[in-house]
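All chains are named by letter (A, B, ...) in the order of the sequence lines, taking the proteins before the strands, and each is independently numbered beginning at 1. Given the structure is predicted, the values throughout are model-derived calculations rather than measurements.
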Number of protein chains: 2
Amino acid sequence: MTEAFFDPSSLPTGSAVDYGGGVTDCASCVVRNRAICASLDAAELALLGKLGRNHRVKAGQTLLWEGDDAPVVANVLEGVLKLVVAAADGREQIVGVVFPSDFIGRPFGKESPYSVTAMTDAEVCIFNRKSFDDFASAHPDLQHKLLRRTLDELDRARHWMMLLGRKSAEEKVASFLLEMSERLSGQGCNSGAQSGFELPFGRQQIADILGLTIETTSRQLTRMRAEGLLDLPSRREIVINDRAAMEAIAG
Amino acid sequence: MTEAFFDPSSLPTGSAVDYGGGVTDCASCVVRNRAICASLDAAELALLGKLGRNHRVKAGQTLLWEGDDAPVVANVLEGVLKLVVAAADGREQIVGVVFPSDFIGRPFGKESPYSVTAMTDAEVCIFNRKSFDDFASAHPDLQHKLLRRTLDELDRARHWMMLLGRKSAEEKVASFLLEMSERLSGQGCNSGAQSGFELPFGRQQIADILGLTIETTSRQLTRMRAEGLLDLPSRREIVINDRAAMEAIAG
DNA sequence: CCGGAACATTGACCTGGATCAACGAAAAAT
DNA sequence: ATTTTTCGTTGATCCAGGTCAATGTTCCGG
């Protein structure tokens, strides 16, 4: 499955020629106030809207391939996607998980440093990278938003490095569950971390996030359930019973 | 050693009051063309120069503490510094190594997400964070440079996550040596990676970068020397004899 | 040149997590 | 409803890398 998931040439390029593309209505976009677009006023939004296209992606589909030319960037409207770095022999490390309102792709760079694959069915608002780069260069506020977002991502990535390099399996799983409960609750309208939530992916993906095997991941979860720390009502549901204890374990 | 390494209130704040601070001469700065300042013209440079102060730091000294308020950002003029995330029990993971012309600190954020410590004697051009934030917000070109730099750092961090989560000790050491040979050669005037180079730090620091123990690190290096892959003329010198083989191991 | 401190190497041993393999349970397809 | 497939759990075993301990080496201050 190495073919592009869609034809980038169908995207508006921002040139004088009007390709008649663009999204239907940015103003009513579900992530209008959370995505980087929030920095734009109505006029700018209309302009950027002409450059973007909404696109549906099926779970498992890959938008960008590690090492390949990355002709597009995008905002996530719905669903969850993973950023993956792979070794030649197939080992995979998930280096990022993106949620609605998050930005994906590599502005100002030709090659994608990682693959981007949908973990659930997803919807993205996609831009031709060059058009987006030009637009961003001309709109400091947008660039500022992008900078802040990138700085936040970098902080998150660096803390994940600590987890990967120095934490035990138990600590990794506990940290993961706490972070997920926070990030997933940020999605819905309810604020604050939820004690119960549904993961948008399975055990193997957890393992690929934590730098563990699926067996170790499963064993840790089973053990935590046995100790009453959490419940596992179904494959993907997690209920944290003792948040304080979980935090103590996470370190 | 929790006291600040210098008094941030002595920095110019960019307000109407002239504190008479500032660096001597940005135009002749050693990193003038490589640091983010390269985006500025003479007039802007003079303005920014007034906000900055050169500062010497001794090896081992910490500029910013993880979790503490981070009142400053800086450009590195000389020396090597590390970014460290630590656990309560003392385990450390080095999440970044910065060289001359690199930028340090966390713009647009109050707390430092990691400690910044000098690994060698160093010299930095330091700014009050708020003043710098304001200046950056008013100078899109500077912000653009900062964005590109942050995006590059993020790419690097994510590839390091793959190393930490999925590579064996042997692969980690090989990858480390190759990256160091590239980054260190970028420092001097000679271009291209050097087969021989001097690390600016000891074994424990290598271990903290790779998520290994000092013993495992040492054993890997000794084994590689025994196999003729490299020479270790002194504690900190590394000579890569067989670069191709090293790259094959790194994966 | 000597003595001590910091750093590096080496050895012996142990263990956390990987690996290999079997089984169970849920979901998807027919 | 039944089969098939995919995913998750559990057990047995192994080993890479951690831990503990001793020794060797470089560097620095006197």
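At whole-Å resolution of the value, NZ in K167(A) and C1' in dG17(C) are 18 Å apart. Atom C1' of nucleotide dT9(D) and atom CZ of R236(A) are separated by 16 Å, given to the nearest angstrom. The CD1 atom of I238(A) sits 11 Å away from the P atom of dG8(D) (whole-angstrom rounding). E171(B) has its CD atom 13 Å from the P atom of dA16(D), to the nearest Å. Atom pair L212(A):CG and dG17(C):C1' shows a separation of 8 Å (rounding to whole Å applied). Taking atom CD1 of I214(B) as the reference point, atom P of dG18(D) lies 12 Å away to the nearest angstrom. Spacing between atom CZ of R223(B) and atom C1' of dT9(C) amounts to 15 Å, rounded to whole angstrom units. dA26(C) atom C1' lies 18 Å from atom CD of Q204(A), rounded to whole Å.
We find the CH2-CD distance between W65(A) and E111(A) to be 15.5 Å, quoted to the nearest 0.5 Å. Note that the CZ atom of R223(A) and the OG atom of S218(A) stand 12.0 Å from one another [nearest 0.5 Å].
Taking for each of R235(A) and S234(B) the nucleotide of DNA chain D with the nearest heavy atom, the 5'-most of the two is the partner of R235(A). Position along DNA chain C of the nearest nucleotide to E170(A) versus L221(B) favours L221(B) as the more 5'-ward residue. Comparing L232(B) and R166(B) along DNA chain C, the residue whose closest nucleotide (by nearest heavy atom) sits nearer the 5' end is L232(B).
Distances shown here put a side-chain N or O of T213(B) below 4.0 Å from the OP1 or OP2 atom of dG18(D). Between dG16(C) and T216(A), no contact under 4.0 Å exists linking OP1 or OP2 to a side-chain N or O. Proximity of S218(B) to the phosphate of dT9(C): a side-chain N or O atom is located under 4.0 Å from OP1 or OP2. Between S168(B) and dA16(D), a side-chain N or O to OP1/OP2 separation shorter than 4.0 Å is absent.
At a cut-off of 3.5 angstrom, counting only N and O atoms as typed in the model, there is no donor on one side facing an acceptor on the other between the side-chain of R203(B) and the base of dC7(C). Between the side chain of E215(A) and the base of dC20(C) there is at least one donor-acceptor pair of N/O atoms closer than 3.5 Å. Interface remark: the R219(B) side chain does form a donor-acceptor pair with the dT19(D) base, using a distance-only criterion of under 3.5 Å.
A salt bridge is defined here as a Lys NZ or Arg NE, NH1 or NH2 lying under 4.0 Å from an Asp or Glu carboxylate O, and R158(A) with E66(B) fails to meet this definition.
Here dG17(D) is the nucleotide among dT10(C), dG17(D), dT25(D) with the atom lying nearest to any side-chain atom of A169(B).
Nearest heavy-atom pair across P113(A) and H159(B) is O-CE1, 3.1 Å.
Paired with I104(A) under the rule side chain to side chain contact (heavy atoms under 4.5 Å, CB included), one option of L63(A), V73(A), I126(A) passes, and it is L63(A).
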